[in-house]
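Take a look at the structure set out below.
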Amino acid sequence: MGSTLGVAVVGFGWMGRVHTQAYARVPHHFPGPAVRPELIAVADEVPGRAEEAAAQYGFATAVRDWREVAADPRVEAVSVAAPNFLHREIGVAMAEAGKHLWIEKPVGLTADDARAVADAVAAAGVQGTVGFNYRNAPAVAAARELIAAGEIGTVTHVRIRLFSDYAAHPKGALTWRYERERGGSGVLGDLASHGVDLARFLLGEIASLTADTAVFVPERARPTGATAGHTRSTGGETGPVENEDYVSCLLRFASGARGVLEACRVSVGEQNNYGFEIHGTTGALSWDFRRMGELGVSRGTSFQDQPVSTLYVGPGHGEYAAFQPGSANSMGYDDLKVIEAHHFLRSIAEGTPYGATLDDAVHSATALDAMARSAERGTWVSPGD
């Protein structure tokens, strides 16, 4: 492998575009990388979509079948941004073809799917990065450092929320996301997977949990044509929503801390309301994705009536310095994916994992499977069972 790395993107909906743009931006924010990405191929089964992507972004080749990407010797690394039900097949095939893998969460429909991809990556000796982008926020990195340094004492409890309205409209199309066979576990895989990753990243392993789930929009109209993102559909035949709109979960961590994780995709009035509140024996931390550069911090010796201050992240917090020169300058969602792309390319160059890995995906998926079992049984379960 030379200084140029041939990359491909499989699946060119919104996330495929985000990956492509991230590859292009990495050299701008992280100059002098050991490998520089070159856009070789893009694959999407929707007629014309790959060709449009190639024309807009400069991919050398546009194809409809991802298998052509796996067979292309020019391609050394692949982004998988296809629907969830294809993650296992594509991920395993790319790893077996010797391609490094940047794959979106939840890496399949079940923990078995995530484990199969992880095993294939390990067996092939390639690098694997997973799209748990919220851990890349500099404020989250700052929170992790404060917790590790004991700045809020021993963590006692945490609340993690992921509320969105992207599926709240009753005329939202019945796409693959709402089918158990192709979309898997609904909001669990889509949003709660991020919550589990944040929980583990900040507080360590989850020992046991109990969960409740619900479907609040039970029927939707089937789309009459190709879809991208969260589109609406009218006039099509209606069908049942087969997976969860909502999950609430109580967590017990191996450290002894307690937690609440709640996620919903049909929360009217909520747009990307993602964040956490973490309490310790001497302080607290809070973060809201919509105010990404701010971290609420309470620390000291007052205990009662202890004030909360706002820490504006800046150089020295995570990868912030690669984007802005001084504190309180804004960063955005796409910047988090640039950080993720940088971690992926660095992993390939150095042969050492950076950022979220397939092992993290397996742990997250195992917790999601445990949530589904708990909701079905009405009992506490261990992710390891």
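On a predicted model such as this, the values are computed, not experimentally measured, just so you know.
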Next on the checklist: Determine whether Leu174 and Thr238 satisfy the following criterion, side-chain contact (heavy atoms from CB on, under 4.5 Å), listing intermediate values before the conclusion.
Outcome noted: CA-CA 8 Å; Leu174 187 68; Thr238 60; over 6 Å; no
Item to check | Criterion side-chain contact (heavy atoms from CB on, under 4.5 Å) on Ile40 and Val7, from CA distance to verdict | outcome: CA-CA 6 Å; Ile40 297 296; Val7 301; 6.0 Å; no
Next on the checklist: Under the criterion side chain to side chain donor-acceptor pair (under 3.5 Å), I'd like the reasoning laid out for Arg161 against Asn273: C-alpha separation, chi angles, the key distance, then a yes or no.
Outcome noted: CA-CA 7 Å; Arg161 68 187 185 283; Asn273 182 358; 2.7 Å; yes
Next on the checklist: Working note: Asp334 + Lys337, criterion salt bridge (charged side-chain N to carboxylate O under 4.0 Å, His left out); need CA distance, chi angles, decisive distance, verdict.
Outcome noted: CA-CA 5 Å; Asp334 284 15; Lys337 302 304 279 191; over 6 Å; no
Item to check | Criterion side chain to side chain donor-acceptor pair (under 3.5 Å) on His29 and Glu319, from CA distance to verdict | outcome: CA-CA 10 Å; His29 297 280; Glu319 302 285 2; over 6 Å; no
Checklist entry - Taking it one step at a time, do Glu242 and Arg182 satisfy salt bridge (charged side-chain N to carboxylate O under 4.0 Å, His left out)? => result CA-CA 10 Å; Glu242 298 173 348; Arg182 298 194 297 165; over 6 Å; no
Item to check | Residue pair Val158, Phe253: steps toward the side-chain contact (heavy atoms from CB on, under 4.5 Å) verdict | outcome: CA-CA 10 Å; Val158 59; Phe253 291 88; 3.7 Å; yes
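Residue-environment remark: CZ (Arg74) exceeds the threshold of 12 foreign heavy atoms within 6.0 Å. Around atom CD of Glu45, no more than 12 heavy atoms belonging to other residues, nucleotides or ligands sit under 6.0 Å away. For Gln21, the CD atom is densely surrounded, since the number of other residues' heavy atoms within 6.0 Å is greater than 12.
No side-chain donor-acceptor contact under 3.5 Å links Arg25 to the backbone of Val338. Without hydrogens or angle criteria, Asn329 side chain to Gly326 main chain gives a donor-acceptor distance under 3.5 Å. Under the 3.5 Å distance criterion, the side-chain polar atoms of Ser347 are matched with a main-chain donor or acceptor of Tyr354. For His87 (side chain) and Gly108 (main-chain N/O), a donor-acceptor pair under 3.5 Å exists by modelled atom type. Between the Ser298 side chain and the Val308 main chain, no donor and acceptor come within less than 3.5 Å of each other. Judged purely by atom type and a 3.5 angstrom limit, Asp44 has no side-chain atom pairing as donor or acceptor with the backbone of Ala50. No donor-acceptor distance shorter than 3.5 angstrom exists from the side chain of Glu376 to the backbone of Ala372, with no hydrogens or angles considered. No side-chain donor-acceptor contact under 3.5 Å links Glu270 to the backbone of Asp165. Distance alone, capped at 3.5 Å, is enough to place a donor-acceptor pair between the Asp369 side chain and the Ala111 backbone. Within the 3.5 Å criterion, the main-chain N or O of Thr282 finds a donor-acceptor partner in the side chain of Gln306.
Interatomic distance, Arg67 CZ to Ile90 CD1, rounded to the nearest 0.5 Å: 8.0 Å. To the nearest 0.5 Å, the span separating CE on Met331 from CG on Leu336 amounts to 6.0 Å. Separating the CG atom in Asp197 from the OG atom in Ser364 is a distance of 6.5 Å, to the nearest 0.5 Å. Rounded to the nearest 0.5 Å, atoms CZ (Arg291) and OG1 (Thr310) are 7.5 Å apart. Taking CG of Asn243 as the start and OG1 of Thr213 as the end, the distance is 10.0 Å to the nearest 0.5 Å. The line from CG of Leu203 to CG of Leu251 is 9.5 Å long, rounded to the nearest 0.5 Å.
For the pair Val26 and Leu345, the minimum side-chain heavy-atom distance is below 4.5 Å. In this structure, Val247 and Glu262 have side chains that are not in contact, with every pair of non-hydrogen atoms separated by 4.5 Å or more. The side-chain heavy atoms of Thr129 and Thr357, taken from C-beta on, include no pair separated by under 4.5 Å. Residues Glu219 and Pro170 are not in side-chain contact: their nearest non-hydrogen atoms beyond the backbone lie 4.5 Å or more apart. For the pair Arg64 and Val46, the minimum side-chain heavy-atom distance is 4.5 Å or more. Residues Tyr274 and Ser164 meet the side-chain proximity criterion, which asks for heavy atoms closer than 4.5 Å. Looking at Cys264 and Val187, their side chains never come closer than 4.5 Å, going by heavy atoms from C-beta outward. Looking at Leu209 and Ser374, their side chains come closer than 4.5 Å, going by heavy atoms from C-beta outward.
Annotation: cation-pi pair Arg265/Tyr166 absent, no NZ/CZ under 6.0 Å from the ring centroid and within 45° of its normal. Both the sub-6.0 Å distance and the 45° axial angle are satisfied by Arg144 relative to the ring of Phe201. For the pair Arg17 and Phe12, the cation does not sit on the ring face, since its NZ or CZ is not both under 6.0 Å from the ring centre and inside 45° of the axis.
The nearest pair of heavy atoms linking Leu202 to Phe276 is CD1-CE2, 3.7 Å. Closest approach of Ile152 to Ala284, counting heavy atoms only: CG2-N, 3.6 Å. Scanning both residues, Phe59 and Ala53, for their nearest heavy atoms gives CD1-O, 3.8 Å. When all heavy atoms of Gly128 and Val121 are compared, the closest pair comes out as N-CG1, 4.0 Å. The minimum heavy-atom distance linking Ala116 with Val92 is given by the pair O-CG2, 3.8 Å. Residue Pro218 comes nearest to Phe216 through the heavy atom pair CD-O, 3.5 Å, listed as atom of the first residue, atom of the second, then distance.
Between Arg200 and Glu205, at least one side-chain N (NZ, or NE/NH1/NH2) sits under 4.0 Å from a carboxylate O, which counts as a salt bridge.
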Please list every donor-acceptor pair under 3.5 Å in which a side-chain atom of residues 378-385 meets a protein atom from a residue at least two apart or in another chain.
| from | atom 1 | to | atom 2 | distance (Å) |
| --- | --- | --- | --- | --- |
| Ser382 | OG | Ala207 | O | 3.2 |
| Ser382 | OG | Gly384 | N | 3.2 |
| Asp385 | OD2 | Ser382 | N | 3.3 |

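Screening Asp360, Asp113, Asp190 for a salt bridge (Lys or Arg N to Asp or Glu O under 4.0 Å) with Lys105, the sole residue that qualifies is Asp190. A side-chain contact (heavy atoms from CB on, under 4.5 Å) with Val75 holds for exactly one of Met94, Lys99, Glu38, His100; it is Lys99. When each of Glu340, His343, Gln127 is checked for a side chain to side chain donor-acceptor pair (under 3.5 Å) with Trp102, only Glu340 meets the rule.
When only modelled atom types and interatomic distance are considered, Ser267 and Tyr246 share no side-chain donor-acceptor pair under 3.5 Å.
The side chain to side chain donor-acceptor pair (under 3.5 Å) check on Glu151 picks up Arg299, with sequence neighbours excluded.
Classification of the Phe323-Phe30 ring pair by plane angle, with boundaries at 30° and 60°, yields perpendicular. Ring-plane geometry between Phe289 and Tyr333 is classed as perpendicular, the angle between the planes exceeding 60 degrees on a 0 to 90 degree scale with a lower cut at 30.
No path of Ile, Leu, Val, Met, Phe, Trp and Tyr side chains, each step under 4.5 Å between heavy atoms, connects Phe163 with Leu191, placing them in separate hydrophobic clusters.
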